Amino acid sequence: MERPDPKFAIIGAGMSGILAAVKLQEAGLEFTIFEKADKVGGTWRENTYPGIACDVPSHIYSYSFELNPEWNYFASPGSEVQSYFEGVVDKYGIDAHIRFGEAVTRADWDESDGGGWQVETAGGFSGRFDWVIAATGVLHHPKMPDIEGLDDFDGDMFHSAQWDHDVELDGKRIALVGTGSTGTQITGALGPRAGKLSLFQRTAQWVVPMEQVAYSEDEKQAFRTDADLLKDLHQELSNSFHTGFASQIIDAGTSFTTDMEAVCNEVLENKVTDPTLREKLRPNYTLGCKRLVVSHNFYDAVQLPSVELVTDGIERIEADGIRTDDGRLHEVDIIVLATGFHVDRFMRPMDIVGANGLVLDDVWSERPSAYLALGIHGFPNFFMLNGPNSPVGNFSLIATAEMQMNYIMQLVDLWRSGQAECVHPADEAAARFEDERVEAAKKTVWATGCRSWYLDDRGIPFAWPFPFDRFQAEMAEPKLGDYVTTL
Ligand code: NAP
């Protein structure tokens, strides 16, 4: 039975959701995007902290079908990235398909009438769709730190992903907790503005230098007029990132990490003049174990007279500031918590109920996992972009989502042509992938002994542990034997 008019629900209008919409539109298919906020952009809409920028080259951080000659910087500020996504939505007329302010609360698989998903939102919408594409992001649910006295502070306090722009920053005494990619970017921006910035570092970071290079008008004009130039640049940057850097960095025990450690150590030596501060900033674990920090200004900012790097442990938060375990009270007006995200939530807390009443929360009660990072056994016609075990942090998220969407479209074609009544990974295939993934994960640099958001509750890295070419090969064509295709 051919299916001429299938309906798709896309959850989330961030980078992956917009991509899904463009691809479904291109295929002439009907879709609705459910977006809980009132704007597109996902992480780039949510994160508006001072200093936010993309720390991978802008020309990689672009859809391959929508290269952008207008990037102003080699690595662009967050506002430019947000405008880029808004521009793509405008250009493709995606807006008309988005239900803004509609948080999906549940989705139930209903086997009647050939199977479909009943999707409900907090706003009272309820509708049936043939397929669901969850594009809900990974670094999405802010994580408050487990620090005593969080509610006792009398000043302003917020998470980096929930920035309160009404709070005046200039000249203020600011405590910044966290030195991940976010905390280091905020340090670069707030160091020169704060009266005093107390930066609370629990673990030193490997900081890879990247100059902040602006594209000249001539360069942008060349990109505008020569599409091949832009395409070649995208390809060249993608190749060197994926098959050079990204694939090597996850492989524990290669000389690549030691070579990079040498480069970073040299930058640390040359840039940080005070030997005591330098040693506080020197990491004591293998480079790449935590997500690398890429920065052009962190070491400069941390040496400003207005900035103090605090490495004593935080004992508690009090009405007037942060008390460290040496007994000192760091009195501040504002506390910024750049303490990361719950990376194991994905679509949750939505209630997703698959075939035979299978509840996603139960399936994922220990930890989330997905066959090839895309699908879950028992959840027919339900696929994720940048879901669990996706190469988050090692490959370009956009390239990843594009390959995943191309793969999903092949499954959609199979179902549309009537060759499949429904599509979801077979239990054995999912288990086989999970076993292989876990074994490979143990050999990655992420498992060499450090605390990071890559590790699951067992201490096993959850991200895609194989090289880029394996991902490319897997995404090129679904292995149909790995799927259940009957109701
Ligand atoms: P993160 O990498 O998880 O860093 C959280 C920071 O908070 C760490 O320094 C952590 O210390 C510290 N922390 C957490 N709980 C603490 C506590 N109780 N006491 C003291 N310190 C505590 O979070 P993030 O910096 O927001 O970055 C998350 C990811 O977002 C990045 O790794 C990256 O993938 C992405 N990101 C990307 C960009 C970009 O430019 N593309 C920018 C920002 C973020 P420990 O290190 O000791 O755990």
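When a residue number appears, it is its place in the shown sequence, counting from 1. All ligand and atom numbering here is 1-based and tracks the order in the structure. A quick note: this is a predicted structure, and the numbers were derived from the prediction, not measured.
Side-chain contact check for Leu268 versus Leu281: some heavy-atom pair is nearer than 4.5 Å.
Evaluation of the disulfide (SG to SG under 2.5 Å) test over residues 288-335, restricted to residues two or more places apart or in two chains, returns Cys289-Cys450. Listed by first and then second residue, the disulfide (SG to SG under 2.5 Å) pairs that reach into residues 297-333 come to none, sequence neighbours excluded.
Partners of Tyr73 according to the ring pair (Phe, Tyr, Trp, His ring centres under 6.0 Å) rule, which considers only residues two or more places apart in sequence or in another chain, do not exist here.
Annotation: Phe223 is in aromatic contact with Tyr215 [ring centroid separation under 6.0 Å]. The six-membered or imidazole ring of Phe200 lies near that of His330, with a centre-to-centre distance under 6.0 Å.
Taking a heavy-atom cut-off of under 4.0 Å, ligand 1 is surrounded by Tyr49, Ala53, Cys54, Asp55, Leu139, Pro145, Ile147, Val177, Gly178, Thr179, Gly180, Ser181, Thr182, Gln185, Arg202, Thr203, Lys290, Arg291, Ala338, Thr339, Gly340, Phe341, Arg451, Trp453.
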